[in-house]
Amino acid sequence: MNTLIAITGLGIFCLLFEILNLRKAIVPITILGLIGVLALNYCEFGTEQSYYNNMIAVSKFSTAFSSLFIVLTIFLVALSHNFYHNHPTKISDYVAIKVFLLAGAVAMVSFGNLAMFFLGIEILSIALYVLAASDRLNIKSNEAGMKYFLMGSFASGIILFGICLIYGAMGSFDISDIHESALSAELPIWFPIGMILMVVGMLFKVAAVPFHFWAPDVYEGSPALTTALMSTLAKVVAIATLFKLVSGMNLIPSLDNQDLLHTFEVIVVIISIASMSVGNIMALRQVNVKRMLAFSGISHAGFMLMTLLTVSASAGVLLYYTAAYALAGIAAFSVILYVCRDHDNEDITNFHGLGKTNPLLAAVLTASLLSMAGIPIFSGFFAKLFLFNQTIQAGYIGLVIVAVINSIISVGYYFKLIIAMYSKEPNQERTGRPFLIYATAVVSIVLNIALGLFPSLVLDLLK
């Protein structure tokens, strides 16, 4: 709870900095504030407390994922310094929106009541709508913002309808009450229907097939830094929240009817396979790097959905996978921001010869892509290894075989970009060495490698 209050207070201060004419200090002060919030969140680790009649429930799960969200926000705010240099009068607005988005993200994994869950998801969603359309003179950004707003509002309506049905079935918004009722009572039909609607709405937020159709267009049309935020922070928030919904409301144990339980498992397997396959196959055809990473994110959503099949033992694996994926994504988008800052597109041709003109950033991008592909020694390899091992133990060997095949397919489009950096001749002069972009790229990939070398640092947090 203290973490959430501190984040909200920091967001308000970001707005006040502009009034005090401290625009140049907004980014460093915000980063220092977020580091302080991270330390405050760490102090709450291991405590089990609830606040305001269980509206907010602090647990190991919430503090661990909140720490990940704060770290990702630090990187995204650091990148804002160079990205918004042409909009100095609005930088406080952009940074404040990111901080408030973080508050919504923390609320989404700390909720103890469905009302707080919906409040958190709306705070995060509205911030994303604004950021997607923030380049107001770019028609692609306008289109991305409108498309995301319409589709996202529709998904939020489905989630809200599901919450209403669950309340009608249980007579409470409280997660602990719903959890107990799901074990002890004969459930009315409205409960599974409400859960289905909520899961469908969250699958849209995750961008899983068949609710993925918005992602490529929105990712391509949004400003590059907003795409980085959607691909990393927003995606891991959505998958962590979906995991908490399924486990926290006791969905699987409540399906005491074996036919219902089998149906749920089959649906999760189908969506997981479809997301992995569609994402990877479509990514092979892309020449725009942001669209390629959008389909890559759809594929990774399919991998992460596999944790829903073993919710009782998957929290640590999910945290590790999301951390590995998000850190690699931050590193990749840091390089994209540098390479494409003077272009109106993010085509692969812009990366030709990067290995010769800027070996450091080319190495960082190569490492991040290898991590996403699941190549050792990067944490992306161990994330898939732990996930596959746990899924095999649960008896889903066929699903793991499909996942391994999809991992092999993904190498094709990741290496297409790597080959362009090292085998093609440079087609442009690249000037400038923005410190924060370099620092963000290097630190995030170093953390990715460190997680690969010492996976227990994350896996043991939720034991």
Side-chain angles (χ1 to χ4, degrees), residues 192 195-196 199-200 202-204 206-213 215 235-236 238-240 242-243 245-247 250-285 295-322 324-325 370-376 378-415 455 459:
M195 277 301 305
I196 289 171
V199 170
V200 166
M202 290 307 302
L203 287 175
F204 172 90
V206 174
V209 174
F211 311 102
H212 68 290
F213 43 82
K235 185 174 287 288
V236 300
I239 193 67
L242 176 58
F243 183 90
L245 281 172
V246 174
S247 59
N250 229 26
L251 174 62
I252 294 178
S254 70
L255 298 176
D256 52 0
N257 185 311
Q258 289 300 311
D259 291 336
L260 285 176
L261 180 58
H262 178 69
T263 301
F264 172 80
E265 293 171 346
V266 169
I267 291 174
V268 171
V269 169
I270 291 174
I271 293 176
S272 177
I273 291 174
S275 298
M276 289 186 286
S277 302
V278 171
N280 282 321
I281 293 172
M282 293 301 295
L284 289 170
R285 304 174 55 189
F295 283 110
S296 170
I298 293 169
S299 171
H300 281 283
F303 284 101
M304 289 185 273
L305 286 174
M306 293 166 64
T307 58
L308 297 182
L309 299 169
T310 54
V311 290
S312 60
S314 292
V317 174
L318 180 62
L319 177 63
Y320 186 82
Y321 196 111
T322 53
Y325 166 75
L370 292 178
S371 179
M372 291 184 189
I375 306 296
F378 305 100
S379 57
F381 166 77
F382 294 100
K384 290 184 178 179
L385 178 65
F386 299 142
L387 178 63
F388 293 167
N389 178 59
Q390 189 164 270
T391 308
I392 289 174
Q393 291 180 1
Y396 300 96
I397 299 177
L399 176 59
V400 172
I401 292 173
V402 174
V404 171
I405 294 172
N406 273 282
S407 295
I408 297 171
I409 294 173
S410 70
V411 173
Y413 58 85
Y414 290 131
F415 269 81
L459 290 172

Where the side chain of [X] meets the backbone of [Y], is there a donor-acceptor pair that is under 3.5 Å apart?
| X | Y | result |
| --- | --- | --- |
| Ser272 | Gly302 | yes |
| Ser275 | Ser299 | no |
| Asn280 | Asn406 | yes |
| Ser277 | Ala274 | no |
| Asn389 | Leu385 | no |

Validation row: [X], [Y] side chains within 4.5 angstrom (heavy atoms):
| X | Y | answer |
| --- | --- | --- |
| Leu305 | Leu242 | yes |
| Pro455 | Ser379 | no |
| Val269 | Leu309 | yes |

Which atoms form the tightest heavy-atom contact between [X] and [Y], and what is the distance?
| X | Y | answer |
| --- | --- | --- |
| Ala215 | Ile298 | CB-CD1, 4.4 Å |
| Ser407 | Phe388 | OG-CZ, 4.2 Å |
| Ala207 | His212 | O-CB, 3.7 Å |
| Ala301 | Lys235 | CB-NZ, 4.3 Å |
| Met372 | His300 | O-CE1, 3.2 Å |

On the six-membered ring of Phe303, is Lys384 placed so that its NZ or CZ lies under 6.0 angstrom from the centre and within 45° of the ring axis? yes
Value rounded to 0.5 Å, distance of [atom1] in [X] from [atom2] in [Y]:
| X | Y | atom1 | atom2 | value |
| --- | --- | --- | --- | --- |
| Phe213 | Phe211 | CZ | CZ | 8.0 Å |
| Met304 | Ile239 | CE | CD1 | 5.5 Å |
| Phe264 | Met195 | CZ | CE | 7.5 Å |
| Leu370 | Phe378 | CG | CZ | 5.0 Å |
| Thr391 | Tyr396 | OG1 | OH | 9.0 Å |

Exactly one of Val404, Ile397, Leu399 clears side chain to side chain contact (heavy atoms under 4.5 Å, CB included) with Ile401, and that residue is Ile397
Quick one: which of Leu245, Ile267, Leu318, Val246 gives a side chain to side chain contact (heavy atoms under 4.5 Å, CB included) with Leu308?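 Testing Leu308 for a side chain to side chain contact (heavy atoms under 4.5 Å, CB included) against Leu245, Ile267, Leu318, Val246 leaves exactly one candidate, Val246.
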Relative to each other, are the rings of Tyr320 and Phe386 parallel, tilted or perpendicular (30° and 60° limits)?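 Tyr320 and Phe386: perpendicular rings.
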Distance-only polar pair, side chains of Tyr414 and Ser296, donor-acceptor under 3.5 Å: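 Looking only at side-chain atoms, Ser296 and Tyr414 do form a donor-acceptor pair, the distance falling under 3.5 Å.
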